[in-house]
Peer 1: 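Before anything else, here's the structure in question.
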Amino acid sequence: MKTTFKKLQEIDSVVAGLYTKNPTLKEGKFGYAYKRFYEKNYEKVLEEYRAELADIRIDNALEDEKTKAILKDLDSRGRGFQYSKESLKAVLKAERGLDEKWNAKEIEVEPFFIKPENLPELTENQVELLKGTIIE
């Protein structure tokens with residue numbers, strides 16, 4: 001089955017929300033099924049995306065004039081590096097382009113189905129989103 005990177009992100013977000021509402025789900029059969037699906041299908045793809053994102057940020061980061069070391073930003077909410085006004089604009093533009101490219105990217109996934117009796121209570125939207133991945 002093929003799906004998009006954007007859909008995988010949405011699935012991961014929905015599952016994270018389910019875990020927040022009911023932390024015991026992560027330890028049960030549902031959690032096991034999603035963990036297997038995640039490891040087989042999303043983890044490697046997410047690493048590739050994050051590597052491209054890191055390259056964009058590093059390529060545009062400010063450098064120390066003398067040592068050429070990249071200047072890090074200690075604010076944990078930021079992008080990890082310091083930027084000039086122009087380089088920040090370049091980073092934002094490149095990030096938008098990367099997101100567009102990756103959101104549309106088709107990815108072959110191998111489902112890891114869970115029996116219906118082991119599913120938590122789900123909304124219709126959640127069921128539709130999870131179909132073909134962990135719901136048959």
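Hydrogens, waters and symmetry mates are skipped; everything else that's a heavy atom, side chains included, is used. Computed from a prediction, not measured in an experiment: that's the story for all the values here.
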Peer 1: What is the ring orientation for Phe37 with Tyr34, classed by angle as parallel under 30°, tilted 30 to 60°, or perpendicular over 60°?
Peer 2: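 Judged by the thresholds at 30° and 60°, the geometry between Phe37 and Tyr34 is tilted.
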Peer 1: Measuring from atom CG of Leu62 to atom OG of Ser84, what distance do you get when rounded to the nearest 0.5 angstrom?
Peer 2: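 It comes to 5.5 Å.
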Peer 1: Same cluster or not: Leu8 versus Val127, using hydrophobic residues (I, L, V, M, F, W, Y) connected whenever any side-chain heavy atoms lie under 4.5 Å apart?
Peer 2: yes
Peer 1: State, with a plain yes or no, whether a side-chain heavy atom of Thr4 is found less than 4.5 Å away from one of Ile107.
Peer 2: no
Peer 1: For residues 114-136, which residue pairs pass the ring-ring contact (aromatic ring centres under 6.0 Å, His included) check, not counting sequence neighbours?
Peer 2: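 For residues 114-136: none.
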Peer 1: Hey, is the main chain of Lys72 close enough, under 3.5 Å, to the side chain of Gln82 for a donor-acceptor pair?
Peer 2: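 Confirmed, Gln82 side chain pairs with Lys72 backbone.
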Peer 1: Report the distance from atom CD1 of Ile135 to atom CD of Glu128, rounding to the nearest 0.5 Å.
Peer 2: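 Answer rounded to 0.5 Å: 9.0 Å.
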Peer 1: Please report the interatomic distance CD(Glu86) to CG(Asn60), rounded to the nearest 0.5 Å.
Peer 2: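 With rounding to 0.5 Å, CD (Glu86) is 11.0 Å from CG (Asn60).
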Peer 1: When you measure from the side chain of Tyr49 to the backbone N and O of Asp99, does any donor-acceptor pair fall under 3.5 Å?
Peer 2: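 Side chain of Tyr49 to backbone of Asp99: no pair is present.
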Peer 1: Do you know which two heavy atoms are closest between Asp64 and Thr67, and how far apart they sit?
Peer 2: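 Taking Asp64 first and Thr67 second, the nearest heavy atoms are OD1-N, 2.9 Å.
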Peer 1: Donor-acceptor pair, Asn118 side chain versus Ile114 backbone, under 3.5 Å?
Peer 2: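 Flag not set: sc Asn118 to bb Ile114 has no pair under 3.5 Å.
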Peer 1: Does Tyr38 belong to the same Ile/Leu/Val/Met/Phe/Trp/Tyr cluster as Phe113, with side-chain heavy atoms less than 4.5 Å apart forming each link?
Peer 2: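 Different hydrophobic clusters.
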Peer 1: Answer yes or no: are there more than 12 heavy-atom neighbours, outside Glu108 itself, under 6.0 Å from its atom CD?
Peer 2: yes
Peer 1: Would you say Glu39 has more than 12 foreign heavy atoms packed within less than 6.0 Å of its CD?
Peer 2: yes
Peer 1: Is a side-chain donor-acceptor pair under 3.5 Å present for Asn22 with Thr24?
Peer 2: yes
Peer 1: Just how far is it from atom CD of Glu27 to atom NZ of Lys35, taken to the nearest 0.5 Å?
Peer 2: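 With rounding to 0.5 Å, CD (Glu27) is 10.0 Å from NZ (Lys35).
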Peer 1: When you measure from the side chain of Asn41 to the backbone N and O of Glu110, does any donor-acceptor pair fall under 3.5 Å?
Peer 2: yes
Peer 1: Can you find a side-chain donor-acceptor pair between Tyr83 and Arg79 that sits under 3.5 Å?
Peer 2: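 The answer is no; no qualifying pair exists.
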Peer 1: Are Phe30 and Tyr32 connected into the same hydrophobic cluster when the rule is that any two of I, L, V, M, F, W, Y join if their side-chain heavy atoms are below 4.5 Å apart?
Peer 2: yes
Peer 1: Would you call Arg96-Glu100 a salt bridge at under 4.0 Å N-O?
Peer 2: no
Peer 1: First locate atom CD of Glu52, then atom CD of Glu48, and finally report the distance between them rounded to the nearest 0.5 Å.
Peer 2: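 If we round to the nearest 0.5 Å, Glu52:CD and Glu48:CD are 8.0 Å apart.
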Peer 1: What is the minimum heavy-atom distance between Ala33 and Ile134, and which atoms define it?
Peer 2: O-CG2, 4.1 Å
Peer 1: Charged N to carboxylate O below 4.0 Å: is that the case for Glu95 and Arg57?
Peer 2: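 So Glu95 pairs with Arg57 through a salt bridge.
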Peer 1: Kindly assign one of parallel, tilted or perpendicular to the pair Tyr42 and Phe5, based on the angle between their ring planes and the thresholds 30° and 60°.
Peer 2: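 Tilted, since the angle between the ring planes falls between 30° and 60°.
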